[in-house]
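Below is one structure, written out as structure tokens; comments come after it.
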2 protein chains.
Amino acid sequence: MKAGQTFTIKQTAAQTGITEDTIRYYEKIALLPRANRKDNGHRIYREEDVNTIRLISCLKKTGMPLEEMRPFLAVSVDADPAEYPELAERLRSHRETIVSQIASLQQVVDFIDMKLDVGKYRGDCSEENKDGALKKEIVSPIEMSYFSVSAKAGKPVRR
Amino acid sequence: MKAGQTFTIKQTAAQTGITEDTIRYYEKIALLPRANRKDNGHRIYREEDVNTIRLISCLKKTGMPLEEMRPFLAVSVDADPAEYPELAERLRSHRETIVSQIASLQQVVDFIDMKLDVGKYRGDCSEENKDGALKKEIVSPIEMSYFSVSAKAGKPVRR
DNA sequence: ATACAACTTGGAGCTGACTCCAAGTCAACC
DNA sequence: GGTTGACTTGGAGTCAGCTCCAAGTTGTAT
């Protein structure tokens, strides 16, 4: 056991890429639990805490609002989500969201590749079927041209 | 030629999932070009315009700030980005950003799968190498545990 | 003792992206 | 001719997520 190495807030910020101010802010809004303090009141973080902050950073990159992260942080703190079926359901639901986000992103990559190669592009960015939210007649089979894609020869890309 | 079918702002909003207010807002900040008007001043949109709005919506899903979308919309309006090398460079650069975003998202999916399956998880969410921006000693080879992943048997997941 | 660096707190201010509103125009129907 | 509905404009308000600041404390170096 290489027992508890700890970090200052500055070190933690450096490790995670999240600023000190923002870390304090997360604690202020209770997204992070109150950090332990040294006798002088300075915050100390363990590897565990650093990992939680990394998880936040990761979820942030997926565009998740801070409020929605709470269940994720909960599940990472206590053990098995199977014991909290409602939580597991949330995870599953968010998984679907992310998968469709990946699809959206992939389409943007395709769009860029198409533009750079002056190749061809098709597909749209729609699709939505979560719980609430809009869902009209989905624009599926449009020959998505995003303006002047003006049928030039298309070489496949997909590096 | 099934010549110019046009749409009201309401129809356009319905088709794209972007509210009328937001469409007007995009025009106000000149993210969209000023729409043509009917004699009574009402905006009219062509399929072309609708596709531009869809592109915005798509880029939005990738978390791109509106300001950064301008080059994308430019490239979708006029023809070949090869003629604007600086623009092409931006596209390439943003492509890399998106590819690494996809990786981040995939890691969240893995995290969720791991949590749901009580399997195993590794990998972090770091990586950054665009132009400006921070880049410290990157936390690469951590056995990313996100708290209590407490070595239980790991069955491979991957959707 | 004095300076300094690294922190603390509470709170104000800022940016991006909407979102809402009031007042007005126009066309069409009753 | 009055009401209704779909739009217009300009501008104000809202919310999330920081970001900055001032004033104070503590620990170490000179």
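Here is the naming used below: chain letters follow the sequence lines, and residue numbers restart at 1 for every chain.
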Task: Whole-Å distance separating the CD1 atom of B:I18 from the C1' atom of C:dC18 - done: 11 Å
Open item on the list: Once rounded to the nearest 0.5 Å, what's the spacing between atom CE of B:M64 and atom CD of B:Q101?
Closed with: 8.5 Å
- [ ] Enter the distance from B:L31:CG to B:T22:OG1 here, rounded to the nearest 0.5 Å.
- [x] 11.5 Å
TODO: Report which part of the nucleic acid A:K60 touches: base, sugar-phosphate, or nothing (heavy-atom distance under 4.0 Å, all strands).
DONE: sugar-phosphate
Task: NZ/NE/NH1/NH2 to OD/OE distance under 4.0 Å, B:R37 and B:E27 - done: yes
Task: Same apolar cluster (I L V M F W Y, side chains within < 4.5 Å links), A:I44/A:Y26 - done: no
- [ ] Provide, to the nearest angstrom, the distance between the CG atom belonging to B:D39 and the C1' atom belonging to C:dC26.
- [x] 11 Å
Open item on the list: Nearest whole Å is fine: how far is C:dA5 C1' from A:I9 CD1?
Closed with: 15 Å
- [ ] Indicate whether OP1 or OP2 belonging to D:dT9 is found under 4.0 Å from a side-chain N or O atom of B:R43.
- [x] yes
Open item on the list: What is the distance, to the nearest angstrom, from the CG atom on B:N36 to the C1' atom on D:dT8?
Closed with: 16 Å
TODO: Rounded to the nearest 0.5 Å, what's the gap from CD1 on B:I18 to CD1 on B:I9? Could you check?
DONE: 11.5 Å
Task: Approximate separation, where rounding is to 0.5 Å, of B:F72 CZ and A:I112 CD1 - done: 4.0 Å
Task: Distance in angstrom units between B:I23 CD1 and C:dT19 P, rounded - done: 12 Å
TODO: Report yes if at least one side-chain N or O of B:R24 is closer than 4.0 Å to OP1 or OP2 of D:dT9; otherwise report no.
DONE: no
- [ ] Could you check whether B:T19 gets within reach of a base, just the sugar-phosphate, or nothing at all, counting any heavy atom under 4.0 Å?
- [x] nothing
Open item on the list: Under 4.0 Å between a side-chain nitrogen and a carboxylate oxygen: does that hold for B:R24 and B:E20?
Closed with: yes
TODO: Go through D:dG17, C:dA6, D:dA6 for me and flag the one nearest to the A:P65 side chain.
DONE: D:dG17
Task: Side-chain N,O (A:T8) to OP1/OP2 (C:dC7) below 4.0 Å - done: yes
TODO: Starting from C1' on C:dA17, measure out to CG on B:L66 and report it in whole angstrom.
DONE: 6 Å
Open item on the list: Let's see if you get this right: which residues in residues 25-35 of chain B place a heavy atom under 4.0 Å from DNA chain C?
Closed with: B:Y25, B:Y26
- [ ] Looking at every strand, decide which applies to A:N40 at a 4.0 Å heavy-atom threshold: base, sugar-phosphate, or nothing.
- [x] sugar-phosphate
- [ ] Starting at atom NZ of A:K38, determine the distance to atom C1' of C:dT8, rounded to an integer number of angstrom.
- [x] 12 Å
Open item on the list: Categorize A:R37 for me: base, sugar-phosphate, or nothing, with a 4.0 angstrom heavy-atom threshold over every strand shown.
Closed with: sugar-phosphate
TODO: Starting from P on D:dC18, measure out to CD on A:E20 and report it in whole angstrom.
DONE: 15 Å
